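In this chain, numbering begins with 1 at the start of the sequence shown. These numbers come from a predicted model, not from an experiment.
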Amino acid sequence: LGDTAVREVFEETGIKSEFKSILSIRQQHQHPGAFGKSDLYIVCRLEPSSFNISFCRQECLRCEWMDLQELARSKHTTPITSNVAKLLLYGYREGFEKIDITVREFPALYTGLFYKLYHRELPKSYRNIT
């Protein structure tokens with residue numbers, strides 16, 4: 001998920017970034033959304049390493065950096081976008097360890113392959129459990 005988010009953000013905006021966490025997951029199954037299908041929408045928290053936007057005009061109508069407080073308050077945004085902005089503001093104020101879903105990579109049973117396990121960040125005492 002993180003690799004995909006980084007790649008897609010770069011392809012669509014020209015912004016290079018590093019995956020930090022999954023911030024939230026939205027699901028919609030009772031009332032199918034786009035194309036009459038069930039829907040999962042995963043919001044990843046990325047840290048940009050470049051800031052000059054060069055967006056793909058086939059995929060985006062508009063692309064710009066916005067102030068999170070303005071985005072959280074705007075009446076011109078979706079409820080999901082407003083709530084994600086509020087989550088980010090909370091994370092910056094209180095610490096992302098309280099909300100992030102992080103990832104750890106483990107070797108698979110097959111030599112040379114790995115899998116990723118996503119979960120809330122755990123205390124250091126967890127790592128000492130045998």
Let me have the donor-acceptor pairs involving side chains of residues 54-64, under 3.5 Å, with sequence neighbours excluded, atom names and distances please.
unit_1 : atom_1 : unit_2 : atom_2 : d
Arg62  : NE     : Glu64  : OE2    : 2.6
Arg62  : NH2    : Glu64  : OE2    : 2.3

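- Within 6.0 Å of OH on Tyr41 lie no more than 12 heavy atoms contributed by other residues, nucleotides or ligands.
- The hydrophobic cluster containing Leu1 also contains Ile15, counting ILVMFWY residues as joined when their side-chain heavy atoms lie under 4.5 angstrom apart, directly or transitively.
- Counting heavy atoms from C-beta on, the side chains of Arg26 and Leu40 never come closer than 4.5 Å.
- In the hydrophobic cluster analysis, where Ile, Leu, Val, Met, Phe, Trp and Tyr join through side-chain heavy atoms closer than 4.5 angstrom, Leu89 is grouped together with Ile80.
- Sorted by first and then second residue, the ring pair (Phe, Tyr, Trp, His ring centres under 6.0 Å) pairs involving residues 57-83 (not counting sequence neighbours) are Phe51-Trp65.
- The salt bridge (Lys or Arg N to Asp or Glu O under 4.0 Å) contacts involving residues 43-54 comprise Lys20-Glu47, Arg45-Asp100, where partners must be two or more places apart or lie in separate chains.
- A 4.5 Å side-chain heavy-atom check between Arg7 and Asp3 finds every atom pair outside the cut-off.
- When all heavy atoms are compared, the tightest approach of Ala72 to Ser82 is O-OG, 2.8 Å.
- Within the 4.5 Å cutoff, side-chain heavy atoms of Leu117 are placed close to those of Phe106.
- A side-chain contact (heavy atoms from CB on, under 4.5 Å) with Ile22 holds for exactly one of Thr102, Val103, Ile42; it is Ile42.
- Proximity of Leu87 to Ser24: side-chain heavy atoms (C-beta onward) are separated by under 4.5 Å at one or more points.
- Within the model, atoms NZ of Lys16 and CG of Asn52 stand 11.0 Å from one another, a figure rounded to the nearest 0.5 Å.
- By the side-chain contact (heavy atoms from CB on, under 4.5 Å) test, Val6 pairs with Ser17, Phe19, Leu46, sequence neighbours left out.
- For Thr81, the side-chain hydrogen bond (donor to acceptor under 3.5 Å, both in side chains) partners are Thr78, not counting sequence neighbours.
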Inset, instruction - Tell me, with the steps shown, if Ile25 and Val43 meet side-chain contact (heavy atoms from CB on, under 4.5 Å). - result: CA-CA 6 Å; Ile25 300 171; Val43 178; over 6 Å; no
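- Residue pairs meeting the side-chain hydrogen bond (donor to acceptor under 3.5 Å, both in side chains) criterion with at least one member in residues 84-97, sequence neighbours excluded, do not occur.
- A donor-acceptor pair under 3.5 Å is formed between the side chain of Thr13 and the backbone N or O of Val9.
- Separating the CE atom in Met66 from the CG atom in Leu68 is a distance of 9.5 Å, to the nearest 0.5 Å.
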